[in-house]
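Each remark here refers to the structure printed beneath this line.
These numbers come from the heavy atoms of this one structure, side chains and all, not from hydrogens, waters or symmetry mates. Order of the sequence lines fixes the chain letters, A, B, ..., with proteins taken first and strands second; residue numbering starts at 1 for each chain.
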Number of protein chains: 2
Amino acid sequence: MPSTHRDVAPGPRPTSRDVARAAGVSQATVSLVLGGKWQGRVSPRTAAAVREAATDLGYRPNLAARDLRLGSTRTALLVVPALTSEFFGNVYAGAVAVAAEHGFGLVLYPSPQGVGTARNPFESTRGALDGVIASSMAADALREIRGSFPGGQALPLVMLDSAPPTAPGDPGHREPDAPAPAARDTTATVNHDLADGMRQVVGHLTGLGHRRITHLGAAIDSWTFRVRSRTFRESMATVPDAVPGSEPADLSVGGGQTAARRALTGPGPRPTALVCDDDTIAAGACKAVRRLGLSVPGDVSVTGFDDLSLATALDPELTTVRLPAQQLGAHGMRALLDLLAGSFTERPPLPVTLAVRDSTAPAPRR
Amino acid sequence: MPSTHRDVAPGPRPTSRDVARAAGVSQATVSLVLGGKWQGRVSPRTAAAVREAATDLGYRPNLAARDLRLGSTRTALLVVPALTSEFFGNVYAGAVAVAAEHGFGLVLYPSPQGVGTARNPFESTRGALDGVIASSMAADALREIRGSFPGGQALPLVMLDSAPPTAPGDPGHREPDAPAPAARDTTATVNHDLADGMRQVVGHLTGLGHRRITHLGAAIDSWTFRVRSRTFRESMATVPDAVPGSEPADLSVGGGQTAARRALTGPGPRPTALVCDDDTIAAGACKAVRRLGLSVPGDVSVTGFDDLSLATALDPELTTVRLPAQQLGAHGMRALLDLLAGSFTERPPLPVTLAVRDSTAPAPRR
DNA sequence: GGGGCGACGTGTTACGTATAACGTCGCTCG
DNA sequence: CGAGCGACGTTATACGTAACACGTCGCCCC
């Protein structure tokens with residue numbers, strides 16, 4: 001099988017006019033054929049000739065020219081709190097795959113200061129954009145993103161794990177960062193079913209006999225983490241004799257360690273399980289447990305969120321909620337494309353599963 | 001302090017002609033002034049007027065038009081083996097910062113199948129590129145990247161941790177993927193001083209009394225890992241009574257676990273230290289040690305490479321070689337800019353440091 | 001006094017593409 | 001038989017920018 005590219009020695013780069021010359025037609029015809037809109041305008045044989053000439057010359061359209069002509073860059077911006085995270089790497093991977101499928105580019109804007117602060121994403125962006133996808137952003141960062149649209153124009157915006165699902169069972173809930181009505185039709189939301197994830201965690205632990213359970217919640221004001229806290233409280237409230245606790249934690253190993261130490265050495269009976277908002281926090285929690293001379297899961301069970309590769313790197317391996325981050329990115333990109341096409345319809349949140357491993361065990365007797 | 005952007009209600013987006021109208025000059029003058037090449041061609045007062053009009057209207061040049069005109073996209077491609085890695089996230093962060101400083105864009109191409117295979121990076125790339133930065137790629141992937149330059153033209157290429165440094169002390173070493181002489185002037189190399197890192201590891205361990213040391217080398221054919229293996233052997237050769245071992249490992253927790261089990265249960269005396277090519281492998285190694293009823297670092301010391309956050313998430317915390325990945329990215333981007341300016345000069349490799357933590361201890365007596 | 005020159009700008013063009021508007025056939029049908 | 005129409009293409013234009021080549025002054029100097 002020969003290479004699909006023939007080696008084209010000369011010339012900087014073939015243009016559509018070169019293809020036209022080679023095929024014996026006009027440049028306009030080349031554009032029509034290669035644009036796919038030649039139904040009934042160009043005969044099949046000339047169309048074939050054009051395509052052959054194009055692949056023959058190794059023609060690739062000049063996107064700068066196309067973008068200039070169309071006034072659209074076919075490029076979206078993905079804003080993530082941090083790039084150095086496996087989770088967001090997966091979100092990106094999912095989104096970029098769908099984007100490429102549709103001839104879209106995807107440029108990344110890693111909010112530099114970690115979750116919580118996002119500088120104007122458009123400053124660092126080259127040229128115009130067709131839309132923005134923001135993943136797991138803090139509330140104030142989201143507000144700023146919305147406010148910084150260039151020229152005040154309403155750019156389509158997709159928020160991932162950032163807004164409350166419009167579930168009918170959750171009617172009275174008003175978010176402080178609810179989108180302005182004007183932006184309604186250019187805004188979409190794609191979420192993991194994080195509430196269900198938390199419910200699964202609590203169910204798993206209470207099923208193992210745990211009653212004194214403390215939630216190590218990430219100290220960040222975003223929907224992603226608020227929904228975890230709320231659902232934790234709600235789920236625990238349905239369990240007789242349950243003793244829920246709660247401790248804020250920085251989103252890091254050290255943060256988890258500190259928070260876990262506070263939770264385990266505080267007044268009152270010691271919790272037998274720690275529910276962490278994140279695998280990283282959970283890793284810190286495990287360290288804290290051991291520093292206190294206790295064992296995971298013998299004395300204290302620990303759970304995480306995200307199912308990063310970290311979860312199985314730890315020893316014992318971490319019981320954690322597996323989030324299909326790649327799917328999230330893919331659905332987010334699809335939502336943006338739908339938004340651009342004017343055909344977006346809200347979809348149900350993405351299902352999550354609980355990966356049960358070795359960091360959870362039956363509650364110790366007494 | 002008022003916002004720097006005035007709210008411009010109408011019009012889709014101001015063009016340079018709008019600025020010209022507002023400033024009472026021609027579009028050409030706007031272009032000159034804003035392009036910064038108005039020395040002696042435009043009076044300072046008109047230049048000031050133009051700039052004021054521009055910021056006043058919130059003018060931002062249309063990059064599609066500029067790219068079309070200049071034939072350059074001011075965009076580079078960064079090819080990394082995997083995006084879901086903290087290490088490459090840091091490389092990207094460093095590179096993108098420098099790129100933005102110089103008005104360059106940086107688009108990411110995560111080679112989908114992990115280290116070792118890279119599909120044509122240009123297929124997934126929108127439009128033309130000014131250069132490519134490839135980080136820690138396997139030898140065959142590098143070859144393919146070089147072969148897939150569009151139109152056969154020689155795109156400037158910077159390789160990070162991918163080629164031998166041109167150190168005078170290393171004369172006889174010929175790489176199978178040495179760049180063709182023709183591409184010499186459009187190719188640059190930026191490396192971590194990985195050899196020194198490995199020397200520090202071996203020095204640290206032998207200083208602690210270890211003699212039976214096994215290297216868990218990543219089973220990937222790339223310079224990054226070849227240099228580790230080579231330097232391990234060379235360093236061990238200088239130590240009297242040293243018993244070096246070596247075991248290939250897949251680049252994952254599971255791979256490290258398997259390789260460590262082989263190393264520890266093989267024939268001959270058991271090694272007292274495992275030198276891993278990567279923190280992930282080291283995490284697996286720690287698990288394997290414990291599965292055999294041994295302890296880290298009591299019975300077996302373990303070291304890693306990269307100093308990912310994983311290193312401090314583990315318990316005990318990992319002794320590992322800290323690589324300034326962000327610096328690597330930054331230097332790589334700078335090298336590319338120099339290459340484009342025709343002023344590139346090879347620089348010495350980036351120094352690395354050994355982060356000594358709790359996974360290494362004096363060799364057990366007897 | 002006029003030729004020249006420096007300072008200060010402007011008219012014009014091209015980059016490569018997509019598409020609206022416009023031919024030009026050959027055939028059919030009233 | 002000519003009007004009309006469908007099939008098949010082409011001509012022309014605009015997108016916004018950068019830069020070349022060319023004015024148009026005022027002033028100096030021979």
Side-chain angles (χ1 to χ4, degrees), chain A residues 11-51 53-54 57-75 103 105 126-128 130 150-151, chain B residues 11-51 53-54 57-75 103 126-130 150-151:
Chain A
R13 189 171 167 165
T15 79
S16 66
R17 210 175 315 265
D18 296 329
V19 175
R21 225 185 324 266
V25 297
S26 80
Q27 179 267 333
T29 304
V30 173
S31 194
L32 283 179
V33 171
L34 267 37
K37 330 194 164 175
W38 55 283
Q39 308 292 2
R41 325 244 319 126
V42 177
S43 80
R45 42 181 302 127
T46 37
V50 166
R51 268 194 291 264
L57 292 173
Y59 169 71
R60 310 242 305 151
N62 180 326
L63 294 187
R66 170 184 295 177
D67 291 347
L68 176 59
R69 175 67 227 251
L70 295 181
S72 140
T73 54
R74 298 180 71 75
T75 295
R126 293 176 41 73
D130 286 356
Chain B
R13 191 172 166 162
T15 79
S16 66
R17 210 175 314 265
D18 296 329
V19 176
R21 227 186 323 266
V25 297
S26 79
Q27 180 268 332
T29 304
V30 173
S31 193
L32 280 180
V33 172
L34 268 37
K37 331 194 163 174
W38 56 282
Q39 308 292 2
R41 324 251 314 128
V42 177
S43 80
R45 41 182 301 128
T46 37
V50 166
R51 268 193 292 264
L57 294 173
Y59 169 71
R60 311 240 304 151
N62 180 325
L63 294 188
R66 170 183 295 176
D67 291 348
L68 175 58
R69 177 65 231 250
L70 296 181
S72 138
T73 55
R74 298 180 69 78
T75 294
R126 293 176 43 73
L129 295 172
D130 286 358

d(Arg60(A) CZ, Ser16(A) OG) to nearest 0.5 Å is 15.0 Å

For dC8(D) and Ser43(A) - does any side-chain N or O of the residue sit under 4.0 Å from the phosphate oxygens OP1/OP2? no

Once you round it to whole Å, what is the distance between C1' of dG16(C) and CZ of Arg21(A)? 13 Å

If you assign each of Tyr59(B) and Arg41(B) to its closest nucleotide in DNA chain D, which residue comes earlier from the 5' end? Tyr59(B)

Is there a side-chain contact between Asn62(A) and Thr15(A), using heavy atoms and a 4.5 Å cut-off? no

Taking the side chain as C-beta and beyond, is there a heavy-atom pair between Val50(B) and Val25(B) under 4.5 Å? yes

CG of Leu32(B) versus C1' of dC22(D): gap in Å, rounded? 14 Å

Look at all strands and tell whether Val25(A) reaches a base, only sugar-phosphate, or nothing, counting heavy atoms closer than 4.0 Å. sugar-phosphate

If only side-chain N and O atoms of Thr15(A) are considered, is one of them under 4.0 Å from the OP1 or OP2 phosphate oxygen of dC15(C)? no

Quick one: Asp67(B) CG to dA18(D) P, roughly how many Å, whole number? 10 Å

Name the nucleic acid region contacted by Leu70(A), choosing base, sugar-phosphate or nothing; use a 4.0 angstrom heavy-atom cut-off, strictly under. sugar-phosphate

Taking only side-chain nitrogens and oxygens of Lys37(B), does any of them come within less than 4.0 Å of OP1 or OP2 of dA18(D)? no

Is Ser16(B) close enough to dG16(D) that one of its side-chain N or O atoms is under 4.0 Å from OP1 or OP2 there? no

With respect to the phosphate group of dG9(D), does any side-chain polar atom (N or O) of Thr46(A) fall under 4.0 Å of OP1 or OP2? yes

Arg66(B) side chain N/O closer than 4.0 Å to the phosphate oxygens (OP1, OP2) of dA18(D)? yes

Show every donor-acceptor pair shorter than 3.5 Å between a side-chain atom in residues 30-39 of chain B and any protein atom, with sequence neighbours excluded, or say none if there are none.
none

On DNA chain C, does the nearest nucleotide to Arg69(B) precede the nearest nucleotide to Thr29(B) from the 5' side, or the other way round? Give the residue. Thr29(B)

Rounded interatomic separation in angstrom, taking CZ from Arg17(A) and P from dT10(D): 13 Å

At less than 4.0 Å, is any side-chain N or O atom of Ser26(B) found next to OP1 or OP2 of dG9(C)? Yes or no. no

